[in-house]
Amino acid sequence: MDADGRNGNKRFHQRLAPPDRANNKVCYHWRAGRCNRHPCPFLHSELPPHQQQQSAAPDGGAVAKRNNVWRNPGTAGAASGPPSKWGKGRGGGVVGRPPGRASDRICHYFLAGNCTYGENCRFLHSWFISDSFSLLTPLQGHQKAVSGIALPSGSDKLYSGSMDESVRAWDCQTGQCVGVINMGGEIGCMISEGPWLFIGVRNAVKAWNTQTATELSLDGPSGQVYSLVVGNELLFAGTQALSLSFFNGRILAWKFSAVGNCFEPAAFFDGHRLSVVSLVVGAMRLYSSSMDNTIRVWDLVTFQCIQTLTDHTSVVMSVLCWDQFLLSCSLDKTIKVWVTTESGNLEVTYTHTEEHLFSSLFSTKSLHHTYLKPHRSILLLLQLSQDHISVLYTWKGLLQSFFRVVDYSVLSLHLHFLVKGVLALCGMHDAQAKPILLCSCNDNSVHFYDLPSFSERGKIFSKEEVRAIQIGPGGLFFTGDATGELKVWQWLTNEVPNS
């Protein structure tokens with residue numbers, strides 16, 4: 001490696017330009033981490049906050065924090081402007097940089113575990129970029145993707161479910177695995193409510209009371225259970241669509257009976273054409289998202305669908321309800337913020353686009369080697385389908401010629417991770433009680449955004465995509481990725497000051 005920095009090989013923090021730049025503009029290439037001009041005519045540092053405000057757009061740029069955005073009782077502030085004032089710019093194309101880390105780039109060879117430069121590498125060897133949180137410890141044991149993380153109340157154990165058909169119990173004090181339960185099938189999702197642990201498997205939901213050791217099996221689902229949620233004293237399960245018939249993505253509901261110490265069937269919801277992959281309850285409404293690219297709103301009094309949201313153009317992977325806003329993310333690379341209008345219907349008030357994502361055929365190597373036979377025609381079929389996964393269902397006959405699988409629902413699940421998009425959302429507060437949105441993308445990163453500005457607060461990187469995120473007590477949060485690795489993180493109470 002050049003000692004004098006030719007070809008841009010100096011460490012990034014050594015390539016800061018002199019602070020007295022007359023044009024007072026920040027170098028675009030420096031922000032992207034690839035400027036190699038010496039000297040550069042533009043600034044290699046962020047402008048001070050007061051200069052950023054002066055150079056902002058006339059409409060004020062970033063929107064002041066609203067006291068009705070997220071559950072943030074520790075922050076009092078008057079509402080400013082209509083609820084459509086989300087994001088820092090039109091369309092959300094401009095976001096902030098992680099504090100104090102504007103010039104850092106992560107070494108992708110380090111993430112893959114094969115960087116040969118070691119400490120001499122000019123890129124960062126780190127699993128995250130942020131001054132606001134830190135990695136406490138990784139928890140290793142699962143052999144396949146982590147699909148659910150849960151913390152039952154009254155328990156000193158952390159539970160994780162995986163596609164390797166097991167649930168692992170981790171001691172919260174030592175971080176050691178203290179128990180492994182084989183579920184006999186892939187775990188599609190897992191949640192906890194009170195002392196109960198609910199596990200979605202194929203054709204059933206398993207319920208386990210961690211205090212009384214009561215074990216129940218809730219029959220009714222057909223196919224894999226992809227999503228679970230508890231609300232309005234009901235347990236809801238979103239299931240896999242097993243055929244091409246209409247209204248095949250069914251949602252089932254159970255109600256707990258204290259008399260029989262069991263869960264009794266209460267209702268079912270038909271309307272989605274394809275598998276239901278995410279559920280959330282808020283304000284006497286159930287919100288469900290599906291592989292059919294839609295979100296449905298269900299009244300929990302009448303159990304009827306009262307609205308269908310069709311703004312997304314690909315699979316809606318996750319929905320999040322927090323205060324009066326509904327957030328949704330999709331493989332169309334967008335996060336949409338919905339608000340209730342005077343008519344009572346939901347409308348999009350802001351759309352944030354993850355512009356760094358790009359579609360790439362065969363980005364998941366296991367998919368290419370396991371499911372695809374070499375054939376030129378299949379490339380065209382996948383290209384036509386990468387923005388609309390449901391198209392694959394209409395080409396079932398053709399797929400049978402090229403894929404060595406019979407269960408097309410398994411194929412469609414893997415194809416979710418072939419298209420670059422947004423996989424999961426999770427909302428929480430940082431150590432200063434500020435609302436933060438965690439956004440998992442299948443470029444193997446998790447983005448942290450301040451809300452409602454959508455300014456970037458930090459990033460987490462993993463070997464493969466993060467499919468499960470869970471909030472814990474005391475500023476803790478957990479992530480589980482597709483390699484089976486679980487990580488424990490914590491918000492810092494005293495952040496490093498911005499430089």
Side-chain angles (χ1 to χ4, degrees), residues 62-80 83 85-88 92 95-101 128-136 149-153 158 172 191-193 229-231 278 280-283 287 318-329 335 337-339 349-350 352 422 424-441 445-460 466 468-480 487-498:
V63 180
K65 180 170 56 184
R66 297 168 53 87
N67 63 352
N68 60 353
V69 177
W70 311 135
R71 301 192 187 279
N72 194 0
T75 302
S80 59
K85 291 279 189 170
W86 283 71
K88 294 190 68 175
V95 297
R97 305 292 298 180
R101 298 289 189 181
F128 67 100
I129 295 179
S130 180
D131 294 321
S132 301
F133 56 84
S134 64
L135 173 64
L136 292 186
I149 306 170
L151 284 161
S153 62
L158 170 73
C172 292
I191 65 169
S192 62
E193 179 69 18
V229 72
V230 174
S278 182
V280 69
V281 173
Y287 303 91
S318 181
V319 283
L320 173 66
C321 187
W322 213 345
D323 279 358
Q324 79 272 37
F325 296 106
L326 175 72
L327 278 79
S328 60
C329 69
I335 302 171
V337 182
W338 308 77
V339 68
T349 187
Y350 177 72
H352 171 84
V422 188
L425 299 177
C426 181
M428 63 182 305
H429 295 98
D430 65 7
Q432 287 70 43
K434 298 176 182 176
I436 303 293
L437 178 68
L438 282 66
C439 166
S440 173
C441 303
S445 69
V446 179
H447 292 243
F448 289 64
Y449 294 113
D450 277 322
L451 293 177
S453 67
F454 266 92
S455 296
E456 194 166 51
R457 184 71 171 273
K459 291 181 185 178
I460 285 175
V466 171
I469 307 173
Q470 178 62 43
I471 305 169
L476 294 173
F477 60 98
F478 310 87
T479 59
K487 285 189 172 77
V488 184
W489 308 82
Q490 184 163 34
W491 287 98
L492 301 177
T493 54
N494 295 316
E495 298 184 18
V496 178
N498 295 350

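Predicted model, so just to flag it, every value in this text is computed and none were measured.
- Looking only at distances, no side-chain donor or acceptor of Ser440 sits under 3.5 Å from a matching main-chain atom of Ala424.
- Shortest non-hydrogen contact noted between Gly474 and Gln490 is O-NE2, 3.0 Å.
- Atoms CG and CZ, on Asp430 and Arg457 in that order, are 4.5 Å from each other to the nearest 0.5 Å.
- Gly480 and Ile149 get closest at one heavy-atom pair: N-CD1, 3.8 Å.
- Here the side chains of Leu320 and Val280 are not in contact, with every heavy-atom distance at 4.5 Å or above.
- To the nearest 0.5 Å, atoms CG (Leu451) and CG (Leu437) are separated by 5.0 Å.
- Aromatic ring pairs are classed by plane angle as parallel below 30°, tilted from 30° to 60° and perpendicular above 60°; the pair Phe133 and Phe448 is parallel.
- Ser132 contributes atom OG, which lies 8.0 Å from atom NZ of Lys434 (distance to the nearest 0.5 angstrom).
- Thr479 pairs by the side chain to side chain donor-acceptor pair (under 3.5 Å) definition with Trp489, not counting sequence neighbours.
- Closest approach of Gly472 to Phe478, counting heavy atoms only: CA-CE1, 3.9 Å.
- Using a 4.5 Å cut-off on side-chain heavy atoms (C-beta onward), Pro435 and His429 make contact.
- A tilted orientation is assigned to the rings of Tyr449 and Phe454, their planes being inclined by 30° to 60°.
- Residues forming a side-chain contact (heavy atoms from CB on, under 4.5 Å) with Ile471 (at least two apart in sequence, or on another chain): Cys426, Met428.
- Separating the CG atom in Leu327 from the CD1 atom in Ile335 is a distance of 7.5 Å, to the nearest 0.5 Å.
- Taking each heavy atom of Ser318 and Ser278 in turn, the nearest pair found is CA-OG, 3.5 Å.
- By the 4.5 Å heavy-atom criterion applied to side chains, Leu438 and Leu425 are not counted as neighbours.
- For the pair Ile460/Phe477, a side-chain contact is recorded, criterion being any heavy-atom separation below 4.5 Å from C-beta on.
- Annotation: side chain of Phe128 is in contact with side chain of Leu135 (closest heavy-atom distance under 4.5 Å).
- Minimum heavy-atom separation, Ser134 to Leu492: OG-CD2, 3.6 Å.
- Taking each heavy atom of Tyr287 and Gly282 in turn, the nearest pair found is CE1-O, 3.7 Å.
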